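Single-structure report; data block below.
All values reported here derive from a predicted model rather than from experimental measurement. Counting convention: from 1, in listed order, for ligands and their atoms alike.
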Amino acid sequence: MSRVLIIGCGGVASVAIQKCCQNSEVFTEICIASRTKSKCDAVKEKLAGKTTTVITTAKVDADDVEALKELIHSYKPDAVLNLALPYQDLAIMDACLACKVDYIDTANYEPENTDDPKWRAIYEKRCEEAGFTAYFDYSWQWAYRKRFEDAGVTALLGTGFDPGVTSVFTAYAKKHYFDRIDTIDILDCNGGDHGYPFATNFNPEINLREVSANGSYWEDGHWVETKPMEIKREYNFPQVGEKDMYLLHHEEIESLAANYPEVKRIRFFMTFGQSYLTHMKCLENVGMLSTSPVKFEGHEIVPIQFLKALLPDPASLGPRTVGKTNIGCIFHGVKDGQERTVYIYNVCDHQECYKELGSQAVSYTTGVPAMIGTALVVSGVWKAKGVHNVEEFDPDPYMEMLNQYGLPWVVDENPGTVD
Ligand code: NDP
């Protein structure tokens, strides 16, 4: 029995909300609050008569801590699930802290304005000290640890698929298959086809920022940075087939390196087709991926935000996307003195997701784990004061719920490896 406030009502939230409503024993009441209230009302209407979860809706600007506090005070939730954008993470954490309410999210903080000199000074120092240049990192949210501990509340960070399920797969592998893990390769394959020459499967701004940035991986206790798309491999993904994949920086590498210091190397690869890469490079070359405002006919516009307005809304890709995703981790290490390699992955079919919830698989594979992480926090199964990443908790109940709520996983003890 719980009351949960869900902030944001885009592609991922739509899945998480519908999954909460399939789990009404845990989610007895939810409030969907976002910038555009009509989207919250539309999801509520879609679920009318199909669930016993009581749904209310609200309008909120999640950049405004006072407005968030007011909403939390009036709704009195047990937890807040943040499914807005990473830009809002700190404001929502501040409001949760002030109201002593648990906090859950799927993506780590990054600033909307990367030209802000105050943020930039901290960022540049971090680039130099840590050795990677991504705009997002955990330092901002990990800095809340003591305050969340003192307030007696939990912040659960990164319960999407990657980060999220990939981190839980790591905890599960360590618990059941390894005494020591030496290397982790996280492979994110989207074998889906939406038929557009160019579109992104989740928020275009966040997606394009991530993909056009330098890559990096963790090796022997430090970061090794690469140029964007510098490292390419091919992999034959179960149920999808042979795909090109490229090494990216990704946020779970940072938390896994901190929580599993024994691991010598952690890499993240994502598949891209040539058309996606050519479009992205062209847009980058003409300045359309820039986050710095420019003057256009008397208006100030941010190029990447204008591009977002032109691109298909990821939430609209569901009906036209066919094919499957395959996301998982290949672990190499030692058990009982013997070397072994284990691949844990999930395959998700875009059209099956659309039939069930009206969404494509990228929103589905993020929204389901968002619901699961929240369910485990509000039911007290995953409860620890402070700020925590998902791999810090017992993976077993999470893994069971993945099977139960539409993301069954496979353990392959003789997989192909990545050189
Ligand atoms: P969308 O852009 O589809 O949805 C974002 C939602 O947040 C929209 O409803 C938007 O409102 C709302 N929002 C944005 N700014 C504010 C604000 N200031 N106040 C209130 N609401 C706001 O994004 P997605 O659903 O694709 O992604 C949601 C989150 O999931 C992101 O943080 C993304 O990084 C993360 N993600 C994580 C993954 C993982 O595996 N861990 C994978 C994919 C995504 P409006 O409707 O008005 O625009």
Side-chain angles (χ1 to χ4, degrees), residues 5-18 31-43 57-65 67-68 71 80-92 95 104-112 134-136 138 141 156-169 186 188 190 199-211 248 250-253 255 268 270 304-305 308-309 311-318 325 327-328 346 348 359-373 389-390 407:
L5 172 62
I6 299 174
I7 298 181
C9 195
V12 173
S14 154
V15 172
I17 292 161
Q18 294 182 75
C31 174
I32 315 166
S34 191
R35 185 168 54 187
T36 313
K37 185 169 174 286
S38 56
K39 291 192 188 171
C40 311
D41 293 332
V43 175
T57 61
K59 178 176 170 62
V60 75
D61 175 1
D63 290 314
D64 180 344
V65 179
L68 287 166
L71 178 61
V80 174
L81 170 57
N82 167 16
L83 296 175
L85 298 178
Y87 311 148
Q88 281 84 45
D89 286 3
L90 302 185
I92 301 175
I104 298 116
D105 72 24
T106 64
N108 71 6
Y109 172 70
E110 69 179 276
E112 186 158 16
Y135 287 147
F136 50 90
Y138 275 118
Q141 291 178 277
L156 179 69
L157 306 184
T159 180
F161 206 104
D162 42 343
V165 176
T166 50
S167 323
V168 173
F169 282 171
I186 303 162
D188 180 332
N190 182 3
T200 64
N201 291 293
F202 69 96
N203 184 283
E205 201 178 327
I206 305 297
N207 180 260
L208 289 166
R209 273 191 187 199
E210 174 179 284
V211 175
L248 298 186
H250 223 246
E251 65 198 62
E252 68 266 52
I253 303 179
S255 73
F268 180 98
M270 192 178 271
I304 198 165
Q305 287 175 0
K308 181 184 175 207
L311 289 175
D313 178 356
S316 72
L317 298 178
T325 61
I327 319 175
N346 160 263
C348 193
S359 295
Q360 35 86 352
V362 176
S363 301
Y364 191 96
T365 53
T366 311
V368 171
M371 178 283 285
I372 293 174
N389 292 86
V390 290
L407 295 177

For [X] and ligand 1, does the shortest N/O to N/O distance drop below 3.5 Å?
| X | result |
| --- | --- |
| Gly10 | yes |
| Gly8 | no |
| Phe202 | no |
| Ala13 | no |
| Ala107 | no |
| Lys308 | no |
| Leu85 | no |

Side chain, backbone, both or neither: which applies to [X] and ligand 1 if a contact is any heavy-atom pair less than 4.0 Å apart?
| X | result |
| --- | --- |
| Val60 | backbone |
| Ile206 | side chain |
| Asp313 | neither |

- request: May I ask whether Gly164 places a heavy atom under 4.0 Å from ligand 1?
  value: no
field: Pro314 touching ligand 1 at heavy-atom level, < 4.0 angstrom
entry: no
Identify the protein heavy atom lying closest to [atom], giving its residue, its atom name and the separation to 0.1 Å.
| atom | result |
| --- | --- |
| atom 21 (N) of ligand 1 | Arg35 N, 3.3 Å |
| atom 38 (C) of ligand 1 | Thr366 CG2, 3.3 Å |
| atom 7 (O) of ligand 1 | Ala84 CA, 3.3 Å |
| atom 23 (O) of ligand 1 | Asn203 CB, 3.7 Å |
| atom 47 (O) of ligand 1 | Thr36 OG1, 2.4 Å |

- prompt: Between atom OH of Tyr138 and atom CG of Asn389, what is the distance when rounded to the nearest 0.5 Å?
  reply: 4.5 Å
Is a side-chain donor or acceptor of [X] paired with a backbone partner of [Y] at a separation under 3.5 angstrom?
| X | Y | answer |
| --- | --- | --- |
| Gln18 | Ser14 | yes |
| Glu252 | Ser255 | no |
| Glu210 | Asn207 | no |
| Gln360 | Leu317 | no |

Parallel, tilted or perpendicular, as decided by the 30° and 60° cut-offs, for the rings of Phe268 and His250: parallel
query: Hey, looking at atom 6 (C) of ligand 1, which of Pro163, Cys9, Ser167 has the closest heavy atom?
result: Cys9
